[in-house]
Amino acid sequence: MNDSTNDPLLDYRALRAEDPDVYGLIAREAERQKNGLELIASENYASPAVMQAMASVLTNKYSEGYPGKRYYGGNEVIDDVESLAVARARKLFGAEHVNVQPLSGSPANLAVYMALLQPGDKVLGFSLDQGGHLSHGHPLNFSGKLYTIIPYFVNKESELIDMDEVEAIAVREKPKMILAGFSAYSRSLDWRRFRAIADKVGAFLFADIAHIAGLVAGKQLENPVPICDVVSTTTHKTLRGPRGAIIMCKEKFASAIDRAVFPGVQGGPHDHITAAKAVAFGEALRPEFRTYAAQVIRNAAALAAALGERGYRVVSGGTENHLMLVDVFGSKQITGKEAEKALEQAGISINKNMIPFDTRKPLDPSGIRLGTAAIATRGCRETDMAAVAGFIDEALMERLDAARLAAIREKVAAFAGSFPVPGIG
Ligand SMILES: *Cc1c(COP(=O)(O)O)cnc(C)c1O
């Protein structure tokens with residue numbers, strides 16, 4: 001980590017002098033990020049500009065409320081920061097209304113449920129063990145505790161979401177809201193069909209694009225914002241901004257959404273993060289971001305193909321976005337937990353994941369989930385994916401040999417070292 005006086009990026013001198021413990025931990029994490037291959041599908045590298053906005057005096061301010069309607073004085077600059085973030089997000093996604101205050105994806109979703117539903121109302125959501133998110137109805141999450149969640153599934157043969165079944169369930173259950181979105185599904189969603197089904201049964205249509213927002217912003221996937229009533233997204237995954245979230249909606253839901261965020265769920269917004277969101281939206285509005293989003297998808301397709309050539313079964317046969325599920329147990333009799341551990345020892349970060357209709361348990365499932373958003377930010381291209389698949393395969397084959405895994409880790413570090421991490425080098 002660079003901390004010299006002419007540091008073009010972040011200046012860490014004060015932190016190092018005052019708190020060498022925390023400085024040391026951050027430096028260690030920077031090394032880890034630099035030497036490893038980051039294939040966790042929900043992760044990315046924020047730019048130095050995004051990080052500098054986060055590390056700013058804006059963190060000092062309280063600004064409960066919205067621009068022009070605050071409960072504290074001294075918000076004339078913060079009002080401009082928030083208005084800028086809103087204007088850029090509206091332009092990026094073609095949204096009628098945007099709330100940029102949600103602290104993260106889960107609280108954003110809590111606000112959406114609060115705005116549109118009463119406790120106990122029925123929600124149709126993608127089954128969690130097939131790719132949905134905790135906030136789409138996990139029994140220990142607010143969503144599963146407060147609302148009646150009816151799951152929909154993928155087709156057992158195609159492993160694609162079965163839209164005819166979604167329609168049949170919606171007609172039978174008459175949900176108040178249909179939730180379309182995922183954390184582990186490698187295919188595009190049919191937003192228009194979801195809209196038609198929601199209209200047929202009189203349900204709100206809520207899209208959670210936490211994973212794919214950057215691919216939508218980069219114009220590589222269809223934008224659900226004009227089609228859905230409400231759309232939430234995190235800002236730190238493919239969108240490559242600070243850790244946080246936003247909610248977009250049609251004008252008629254604007255005041256309900258705003259009231260649900262504040263005072264419904266949150267107190268003061270994190271204004272330094274709002275500024276960093278504005279920076280990230282500014283970056284995503286540039287033509288280079290389209291190139292980036294296209295590269296992410298090409299890398300994912302190439303990685304899925306390269307793993308397929310090595311005998312790994314990719315769920316649904318491939319990917320149309322940045323992520324894929326690989327059935328390591330079905331292909332190679334390696335459990336997801338074993339695979340995660342071996343790859344970690346080899347310097348490759350992924351996560352174990354259930355595959356659809358998994359016969360194994362969540363803590364040691366049949367699959368792993370991989371994504372290419374982070375490595376594309378480092379400059380990896382589709383031609384690099386054969387090497388990445390090679391490292392993965394080698395580590396999985398040598399999973400019981402700690403010395404071999406350590407040797408692979410060296411090779412991975414050398415490979416990763418040729419692709420700079422923003423802000424670290
Ligand atoms: C990551 C994710 C979230 C939640 O994000 P946090 O910021 O971790 O709370 C919500 N929905 C989906 C679909 C996600 O993938």
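Basis for what follows: all heavy atoms, side chains included, without hydrogens, waters or symmetry-related copies. Atoms within each ligand, like the ligands themselves, are counted from 1 in listed order.
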Q: Report, in ascending order of atom number, the atoms of ligand 1 lying under 4.0 Å from any heavy atom of S106.
A: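 By the 4.0 Å cutoff, the relevant atoms are 4 (C), 5 (O), 6 (P), 9 (O).
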Q: Please say which of K61, K277, R70 ends up in a salt bridge (Lys or Arg N to Asp or Glu O under 4.0 Å) with E82.
A: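 Only one of K61, K277, R70 forms a salt bridge (Lys or Arg N to Asp or Glu O under 4.0 Å) with E82, namely R70.
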Q: Show the atoms of ligand 1 that are less than 4.0 angstrom away from any heavy atom in D208.
A: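 Answer, ordered by atom number: 10 (C), 11 (N), 12 (C), 13 (C).
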Q: Kindly say whether the aromatic ring centers of Y71 and F262 come within a distance under 6.0 Å.
A: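 Yes, ring centres under 6.0 Å apart.
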Q: Suppose I only count heavy atoms of S104 and a 4.0 Å limit; which atoms of ligand 1 are within that range?
A: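 Answer for ligand 1: 6 (P), 7 (O), 9 (O).
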Q: Given H133, K237, H211, which one has a non-hydrogen atom that is nearest to atom 1 (C) of ligand 1?
A: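 Comparing heavy atoms across H133, K237, H211, the nearest one to atom 1 (C) of ligand 1 lies in K237.
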Q: Under 4.0 angstrom from ligand 1, any heavy atom of H236?
A: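 It does; at least one heavy atom falls under 4.0 Å.
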Q: Y62 vs Y72 aromatic rings, parallel, tilted or perpendicular, using cut-offs 30° and 60°?
A: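 Parallel, since the angle between the ring planes stays under 30°.
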Q: Could you check whether E283 pairs with R88 (Lys NZ or Arg NE/NH1/NH2 to Asp/Glu carboxylate O, under 4.0 Å)?
A: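 Salt bridge absent between E283 and R88.
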Q: Less than 6.0 angstrom from the centroid, inside 45 degrees of the normal: does K332 satisfy that with respect to the ring of Y312?
A: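 The answer is yes, since K332 meets both limits relative to Y312.
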Q: Report, in ascending order of atom number, the atoms of ligand 1 lying under 4.0 Å from any heavy atom of A210.
A: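 Counting atoms of ligand 1 from 1, those under 4.0 Å from A210 are 2 (C), 11 (N), 12 (C), 13 (C), 14 (C), 15 (O).
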Q: Report yes or no: is the cationic atom of K91 (NZ for Lys, CZ for Arg) closer than 6.0 Å to the six-membered ring centre of F281, at no more than 45° off its axis?
A: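 K91 over F281 ring: no.
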Q: Between D364 and K341 (salt bridge meaning N to carboxylate O under 4.0 Å), is one present in this structure?
A: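 No, D364 and K341 are not salt-bridged.
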Q: Should G105 be counted as touching ligand 1, given the test is an N or O pair under 3.5 Å?
A: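 There is such a contact, yes.
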Q: Considering only heavy atoms of S183, which atoms of ligand 1 have at least one such atom less than 4.0 Å away?
A: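 Numbered from 1, ligand 1 contributes 12 (C), 13 (C), 14 (C), 15 (O).
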Q: I'd like the name of whichever of T233, L179, T234 reaches closest to atom 5 (O) of ligand 1 through any heavy atom.
A: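 Looking at heavy atoms only, T234 sits closest to atom 5 (O) of ligand 1.
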Q: For ligand 1, which atoms sit closer than 4.0 Å to a heavy atom of F182?
A: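 Matching atoms, with element in brackets: 13 (C), 15 (O).
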